[in-house]
Amino acid sequence: MSEQRQYPRKFSSSRVSIFDLGSQEPLGNLGNLSATGLMLITDRELRPGHIFQLEMTLPGEEEGEEYTFTFGAESLWVQRISSSEHSWVGLQIIDMAESDTALIERLTQDWKE
């Protein structure tokens with residue numbers, strides 16, 4: 001199966017929480033991130049086709065620096081993690097400022113693929 005992603009998935013070395021602005025509750029943690037989507041690790045029951053308004057804070061390039069991003073995303077798929085209460089959820093970013101997309105690309109440049 002060939003890779004169809006336009007942007008590589010990147011993995012953070014630190015824990016990044018994803019916050020659901022609709023429910024005002026944490027949704028889960030970042031599994032990986034690209035300019036167009038992310039994989040979420042969550043213990044919540046989610047389904048494909050759900051639209052979220054989300055927020056995440058990424059570490060900056062300097063010590064103690066942080067950037068908070070607010071964006072819309074749609075869940076595309078959900079896969080239970082065997083022997084766990086958690087699921088992986090693939091989310092497509094559907095609404096984010098272009099300047100934020102460019103900043104995410106810059107901040108994740110040194111993250112591992």
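These numbers were taken from a predicted model, which means no experiment stands behind them. Residue numbers count from 1 along this sequence.
Considering only heavy atoms from C-beta on, Glu55 comes within 4.5 Å of Thr68 through its side chain. Counting heavy atoms from C-beta outward, Ser23 and Arg44 have side chains that approach closer than 4.5 Å. Taking 4.5 Å as the limit, every side-chain heavy atom of Leu30 sits out of range of all side-chain heavy atoms of Ile41. Counting heavy atoms from C-beta outward, Leu46 and Ser87 have side chains that stay 4.5 Å or more apart. Arg9 places none of its side-chain heavy atoms less than 4.5 Å from the side chain of Leu38. Within the 4.5 Å cutoff, the side chain of Leu27 has no heavy atoms near those of the Phe19 side chain. For the pair Ser17 and Pro26, the minimum side-chain heavy-atom distance is 4.5 Å or more. Counting heavy atoms from C-beta on, the side chains of Trp88 and Ile81 come closer than 4.5 Å.
Applying the salt bridge (charged side-chain N to carboxylate O under 4.0 Å, His left out) criterion to Glu25, with sequence neighbours excluded, gives no partner residue. Evaluation of the side chain to side chain contact (heavy atoms under 4.5 Å, CB included) rule for Glu113 yields Pro8, Lys10 as partners, not counting sequence neighbours. By the side chain to side chain donor-acceptor pair (under 3.5 Å) test, Thr108 pairs with no residue at all, sequence neighbours left out. Contacts of Ser99 classified as side chain to side chain contact (heavy atoms under 4.5 Å, CB included), with partners at least two apart in sequence or in another chain: Ala97. With sequence neighbours left out, Ser75 forms a side chain to side chain contact (heavy atoms under 4.5 Å, CB included) with His50, Phe52, Val89, Leu91. Residues passing the salt bridge (charged side-chain N to carboxylate O under 4.0 Å, His left out) test with Glu45 are Arg80, sequence neighbours excluded.
Summarising the geometry, atom CD1 belonging to Ile93 is positioned 6.5 Å from atom OG belonging to Ser34; distances are rounded to the nearest 0.5 Å. One distance of note links OG1 of Thr36 with CE of Met96; it measures 10.5 Å at 0.5 Å rounding. How far OH of Tyr67 is from CD of Glu65: 3.5 Å, rounded to the nearest 0.5 Å. One distance of note links CG of Asp20 with CD of Gln53; it measures 9.0 Å at 0.5 Å rounding.
Closest approach of Phe11 and Trp111 over heavy atoms only: O-CB, 3.5 Å. Minimum interatomic distance between Ala73 and Leu54 (heavy atoms only, all atoms of both residues): CB-CD1, 4.0 Å. Between Asn29 and Ile18, the closest heavy-atom pair is C-CG1, 4.2 Å. The two atoms that bring Pro48 and Leu76 nearest to each other are CB-O, 3.6 Å, heavy atoms only. In terms of heavy atoms, Phe71 sits closest to Phe69 at CD2-O, 3.9 Å.
One hydrophobic cluster, built from ILVMFWY side chains closer than 4.5 Å, holds both Leu40 and Val16.
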Could you walk me through whether Met56 and Leu33 pass the side chain to side chain contact (heavy atoms under 4.5 Å, CB included) test, one step at a time? CA-CA 11 Å; Met56 70 178 168; Leu33 177 64; 3.9 Å; yes
